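Start at 1 and go down the list; that is how both ligands and their atoms are numbered. All values derive from a computational prediction rather than experimental measurement. Residue numbers start at 1 and run along the sequence shown. Only heavy atoms go into these numbers, but all of them, side chains included; no hydrogens, no water, no symmetry mates.
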Amino acid sequence: MQILDEIISGKAKSLYRTDDPKRLVMRFRNDTSAFDGEKTAQLDDKGRVNNHINAFVMKKIEEGGVPTHFVKLLSGQDSLVRSMEMLPIECVVRNIATGSLCRRLGIEEGLDLEPPLFEFFLKNDALHDPMINDFHILTFGWATREEIEQMKSMTFRVNEILKKLFAEAGILLVDYKLEFGRCDGRLMLGDEFSPDGCRLWDMQTREKLDKDRFRQDLGDVVETYRLVAERLGIQIDH
Ligand code: C5P
C-alpha cells in the first residue's frame with residue numbers, strides 16, 4: 001500500500017489518501033493544542049503513544065459490538081482506517097463532572113453523574129464548537145433521526161466497554177468525546193480514542209492522566225500517557 005497526499009491536517013492528526021480509495025492513513029502527530037488553538041506545543045513521542053493507545057481501544061470497542069473505521073496499526077505514528085463521510089458533530093459522555101460542564105452550569109467539580117450525561121457539540125472551530133441538541137441536528141440536516149439515535153446508543157455502549165476496561169487498570173473514565181461518520185451505508189465510530197480526547201483519573205488518587213496535564217501545565221504529559229498505556233497492558237513498538 002502506498003501513502004499518497006495529505007487530505008486533512010487537524011490539530012493533532014493528519015489523514016492521507018492511499019492507493020486504495022476506501023482506505024486512509026491516520027497519522028498521530030506530536031502537535032498538541034488547547035483553548036481553541038491558543039496554546040500549542042510539540043510533545044515528543046505523543047503521536048506514537050497515542051497511535052498505540054487508539055489501536056488498542058478501537059479494537060476493544062469493535063469487539064464490544066460498535067463498528068469503527070479502524071482497520072489496523074501500521075507502524076509508529078500511523079494507522080489504516082476506512083474512508084468515511086464524517087458528521088460535523090461531537091458526542092460527549094460524562095461520568096464525573098468537570099471541564100466545560102462545571103463552567104457552564106456551576107456544577108460541583110468531581111460530582112458522580114448518574115445516569116451519565118450525553119451532550120452534542122457542533123464541530124466548528126470558528127464558533128468554538130457550540131453545544132447543540134437533536135433539534136439543531138435535524139433542522140440543519142447534520143444527521144438523520146436514526147443516526148442521532150445510533151450516535152447516542154453507540155456512545156453509551158462505548159461507555160460500558162471502556163469504563164470496565166479502564167477500571168481494570170485502576171483508572172476512572174471521567175468523560176470523552178467521540179465522532180461518527182458514514183461508511184458503506186452505515187454509521188461507524190471514526191476519529192480517535194486517546195488521552196487527548198478523554199479525561200482519565202487515577203482511581204485512588206484522582207490524579208489526572210490525560211490532556212488536562214497539558215491544559216493545566218501539570219507537566220509529564222507524554223510520560224503520563226505512556227503510563228496509561230502500560231497500565232492497559234499495551235506494548236508500544238519502536
Ligand atoms: O471541554 P469539555 O469538558 O466539554 O470536554 C469534554 C470531553 O471531551 C473531554 O474529555 C475533552 O478532552 C473532550 N473534547 C475533545 N475535543 C473537543 C472538545 C472536547 O476531545 N473539541
Heavy-atom nearest neighbour of atom 16 (N) of ligand 1 within options H128, E179, M131, K177: K177

Test: R48 cationic atom under 6.0 Å from F28 six-membered ring centre, within 45° of axis: no

Enclosure of R186 CZ (heavy-atom neighbours >12, cutoff 6.0 Å): no

Contacting atoms of ligand 1, where contact means under 4.0 angstrom from a heavy atom of C198: 10 (O), 12 (O)

Criterion side-chain hydrogen bond (donor to acceptor under 3.5 Å, both in side chains) against S14, the qualifying member of R27, R29, Q77: R29

Any N or O of R103 closer than 3.5 Å to N or O of ligand 1: no

Nearest-neighbour protein heavy atom for atom 10 (O) of ligand 1, which is reported as residue plus atom name and distance: D175 OD1, 2.6 Å

Residues, nucleotides or ligands: over 12 heavy atoms within 6.0 Å of K60 NZ: no

D196 and its side-chain hydrogen bond (donor to acceptor under 3.5 Å, both in side chains) partner, picked from K211, K11, K177, K46: K46

Verdict with reasoning, N51 to S79, per side chain to side chain donor-acceptor pair (under 3.5 Å): CA-CA 7 Å; N51 186 33; S79 280; 2.6 Å; yes

Closest approach of any protein heavy atom to atom 2 (P) of ligand 1, naming residue and atom: S100 OG, 3.4 Å

Contact check, E119 vs ligand 1, heavy-atom distance below 4.0 Å: no

Within reach of ligand 1, part of R94 (heavy-atom separation under 4.0 Å): side chain

Interfacing atoms of ligand 1 (cut-off 4.0 Å, heavy-atom, G99): 3 (O)

Distance from atom 6 (C) of ligand 1 to nearest protein heavy atom, with residue and atom: R199 NH1, 3.6 Å

Heavy-atom neighbours of Q235 CD exceed 12 at 6.0 Å: no

Side chain, backbone, both or neither: the part of V174 lying under 4.0 Å from ligand 1 by heavy atom: neither

Residue-ligand contact K211/ligand 1, heavy atom below 4.0 Å: no

For D129, atoms of ligand 1 separated by under 4.0 Å from a heavy atom: 21 (N)

Nearest-0.5 Å distance that lies between atom CZ in R17 and atom OG in S83: 10.5 Å

Worked check of side chain to side chain donor-acceptor pair (under 3.5 Å) between D78 and S75: CA-CA 5 Å; D78 293 350; S75 66; 5.1 Å; no

Identity and separation of the nearest protein heavy atom to atom 18 (C) of ligand 1: E90 OE1, 3.7 Å

